[in-house]
Peer 1: 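Provided herewith is a single structure, encoded as structure tokens, for subsequent inquiry.
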Amino acid sequence: MSRQELVEAIAAYLSERARRTLSVDAGYVGRLEHGIHRWPSVHCRAASRVVLDAATDAEFGFFIIQE
């Protein structure tokens with residue numbers, strides 16, 4: 001799945017299930033892949049888990065930095 005396809009699948013899921021719109025693009029997904037952003041919104045994380053069939057955020061390497 002390309003970055004753009006992932007964005008479209010997540011946006012479709014959020015639109016249908018959560019009645020929310022997603023304002024991210026393939027560039028944002030790239031920043032997630034490279035660890036520049038590590039903690040997307042709760043809705044984006046939930047949609048990502050469903051679309052990519054993952055049980056936890058940790059499977060993607062998502063984590064929050066706590067100081």
Peer 1: Tell me whether R17 at atom CZ has more than 12 heavy atoms from other residues, nucleotides or ligands lying less than 6.0 Å away.
Peer 2: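 Incorrect, the count does not exceed 12.
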Peer 1: Check whether any side-chain heavy atom of E33 sits under 4.5 Å from a side-chain heavy atom of R3, and report yes or no.
Peer 2: yes
Peer 1: Quick one: do V42 and W39 end up in the same hydrophobic cluster if we chain Ile, Leu, Val, Met, Phe, Trp and Tyr together by side-chain heavy atoms under 4.5 Å apart?
Peer 2: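 No, V42 and W39 fall in different hydrophobic clusters.
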Peer 1: Are side-chain heavy atoms of R45 and F60 found at a separation under 4.5 Å?
Peer 2: no
Peer 1: Check whether any side-chain heavy atom of F62 sits under 4.5 Å from a side-chain heavy atom of R38, and report yes or no.
Peer 2: no
Peer 1: Could you tell me which non-hydrogen atom of S48 sits nearest to which non-hydrogen atom of I10, and how far apart they are?
Peer 2: OG-CD1, 3.3 Å
Peer 1: Quick one: does any side-chain atom of E5 pair with a main-chain N or O of S2 as donor and acceptor, under 3.5 Å?
Peer 2: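 Side chain of E5 to backbone of S2: a pair is present.
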Peer 1: Out of curiosity, does V29 fall in the hydrophobic cluster containing I36 (side-chain heavy atoms, cut-off under 4.5 Å, transitive links)?
Peer 2: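 Per the 4.5 Å side-chain linkage, I36 and V29 are not co-clustered.
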Peer 1: With ring pair (Phe, Tyr, Trp, His ring centres under 6.0 Å) as the rule and sequence neighbours excluded, what pairs involving residues 8-28 come up?
Peer 2: Y28-H37
Peer 1: So, for A55 and R49, which heavy atoms are closest and what is the spacing to 0.1 Å?
Peer 2: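 The answer is O-CD, 3.8 Å.
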